Number of protein chains: 2
Amino acid sequence: MRASEKAYTTLRNDIIHWRLAPGAVLAEVELSERLGVSRTPIREALAKLSAEGLAEPQSGRGMVVSEISLDHLEELFELRSALECRAAELAARRGDPAVFHALHRELSNAGELITDDDPTRHDYYRLAGDLDVAVDAAVGNHYLSQALKSLRVHLVRVRRLSKDNPARLRDAAREHAAIALAIANGNPAVASAATTVHLDNSLRHLLGSRATP
Amino acid sequence: MRASEKAYTTLRNDIIHWRLAPGAVLAEVELSERLGVSRTPIREALAKLSAEGLAEPQSGRGMVVSEISLDHLEELFELRSALECRAAELAARRGDPAVFHALHRELSNAGELITDDDPTRHDYYRLAGDLDVAVDAAVGNHYLSQALKSLRVHLVRVRRLSKDNPARLRDAAREHAAIALAIANGNPAVASAATTVHLDNSLRHLLGSRATP
DNA sequence: CACCGGAACTTTGTATACACTGAGGTGGAT
DNA sequence: ATCCACCTCAGTGTATACAAAGTTCCGGTG
């Protein structure tokens, strides 16, 4: 693996998983020593992170991890809604019903996955991710997929801002199942509407239950 | 101006204005000699262009100017529609009516700007750009604005694929005026619908009248 | 005592030298 | 004659040295 890729991946994960908090300074020499590569690949990594919106140039000098807070949530979800509603719509027109019927079945049983055994909700988030992947594939639009991909990075980051209670996750799974069903049935309007409903519920939940700092 | 910025700006303009055609190889040494800077800022510029989607890594080695053709148009316009319809909707809810009434007046008279005196249609495109800026400002959503901004780069590139006849531009101006009016009237549904209509007309025109190569 | 100026230092921006890898060509063997 | 192996070379990937710019702290002055 190239050094610049390694630096990029490491920093990206550190930012997404809050090991590098918003506002943290990204000093080139310090990073190059910590990651064991020279400054050149570090700079390359920082440029990519900046383009992705995970880092931003400090006033005049240096880079810092970009801010993310509940204040950004509404804005983030407006973009998310625009993209995901359209994606669901297009998936309903173009997707293979069998694929989404299968996802609907899985998601309908997803409540069982949400137990106290797995506090990271890994299985649940993977299933939700599967739906995203299936929608992307069904839509078959490179530009839309890219826009969604760059958006999801920020969504992962935001997830840490709230405590996820099991009840909400079970509701979310049901909402996902409804979206999958609408797509499987080839109904664009319902798919879009179900997505709107789901995102509104998610947003209100996130804004309502703030994580204890 | 920093050398990396200069390299980035120059290359970006060269790509957007088709002085660097899709598929052209972006060799670091050749570019560094041509632009009179060392390879380091060139690499930085290429990284940014790659993140923006204007350049992409060649199989294994090197970078090339990314492809853009009429085959990508439908995909591009699907994303565009998702973003701009929502933006128009939100602008109708939040915008200052006075601003958009003014734009509506200007756009209603835009037909006069489209003469044979200015074959680049500079005045017209600037007016259309003013509407975009006003919508962005009215929406007040950083993430949505960023998504639109990165999309518009590709749209400028695509513009060269078709010959723009004056009749279509005058129609387009009227459609823009309709969008501005709907926003001024605070009617989200109409603003979104007018945007959908405008984009559909634009797309069909682009696909219908191919530029003679 | 506060404020302004400058010098030193820290940190980024750029150039260049070196290392490595993949591609293409050439020569030999079958 | 064709195919394979090896070698050469072009061009990228990385490291490091040097230049420039901005920040901070100290001292002087009003």
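So that the names make sense, note that chain A is the first sequence line, chain B the second, and so on, each numbered from 1. These numbers come from the heavy atoms of this one structure, side chains and all, not from hydrogens, waters or symmetry mates. What you see is a predicted model, and the numbers here were worked out from it, not measured in a lab.
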Practice item. Take the angle between the ring planes of A:H176 and A:Y124 and call it parallel below 30°, perpendicular above 60°, tilted in between. Key: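 Rings of A:H176 and A:Y124: tilted, as their planes differ by 30° to 60°.
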How long is the line joining [atom1] of [X] and [atom2] of [N], in whole Å?
X: B:L31; N: D:dG11; atom1: CG; atom2: P; answer: 12 Å
X: A:E28; N: D:dT14; atom1: CD; atom2: C1'; answer: 15 Å
X: A:L35; N: D:dT14; atom1: CG; atom2: P; answer: 13 Å
X: B:M1; N: C:dT14; atom1: CE; atom2: P; answer: 11 Å
X: A:R43; N: C:dG13; atom1: CZ; atom2: C1'; answer: 6 Å
X: A:I42; N: D:dA15; atom1: CD1; atom2: P; answer: 9 Å
X: A:K6; N: D:dG13; atom1: NZ; atom2: P; answer: 17 Å
X: B:E33; N: D:dA10; atom1: CD; atom2: C1'; answer: 13 Å

Review point. Can a donor-acceptor pair under 3.5 Å be found between the side-chain atoms of A:T40 and the base atoms of D:dT16?
Key: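 Such a pair is found, so the answer is yes.
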Check your understanding: Quick one: the side chain of B:R39 and the base of D:dG11, do they pair up donor-acceptor inside 3.5 Å?
Key ->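 No, no donor-acceptor pair under 3.5 Å.
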Review point. If you check every side-chain atom of A:R2, which of D:dA15, D:dG13, C:dG13 has the closest atom?
Key: D:dG13
Check your understanding: Which nucleotide sits closest to the side chain of B:V37: C:dA15, C:dT12, C:dG13?
Key -> C:dA15
Review point. Taking atom types as modelled, is there a side-chain donor on A:S69 or A:H72 under 3.5 Å from an acceptor on the other?
Key: yes
Check your understanding: So how far is it from A:R159 CZ to A:S202 OG, rounded to the nearest 0.5 Å?
Key ->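 The OG atom of A:S202 is 10.5 Å from CZ of A:R159, to the nearest 0.5 Å.
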Review point. Checking B:S66 side chain against B:L54 main chain: does a donor-acceptor pair fall under 3.5 Å?
Key: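 Yes, the answer is positive, given that a donor and an acceptor are paired below the 3.5 Å cut-off.
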Practice item. Determine yes or no for a side-chain-to-main-chain donor-acceptor pair under 3.5 angstrom, with A:R94 supplying the side chain and A:A138 the backbone. Key: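 Answer holds: no.
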Point to revise | Residue-phosphate contact under 4.0 Å: B:S4 side-chain N/O, C:dG13 OP1/OP2 | key: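 No, no such contact exists.
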Point to revise | Distance below 4.0 Å between B:S38 side-chain N/O and C:dA15 OP1 or OP2 | key: yes
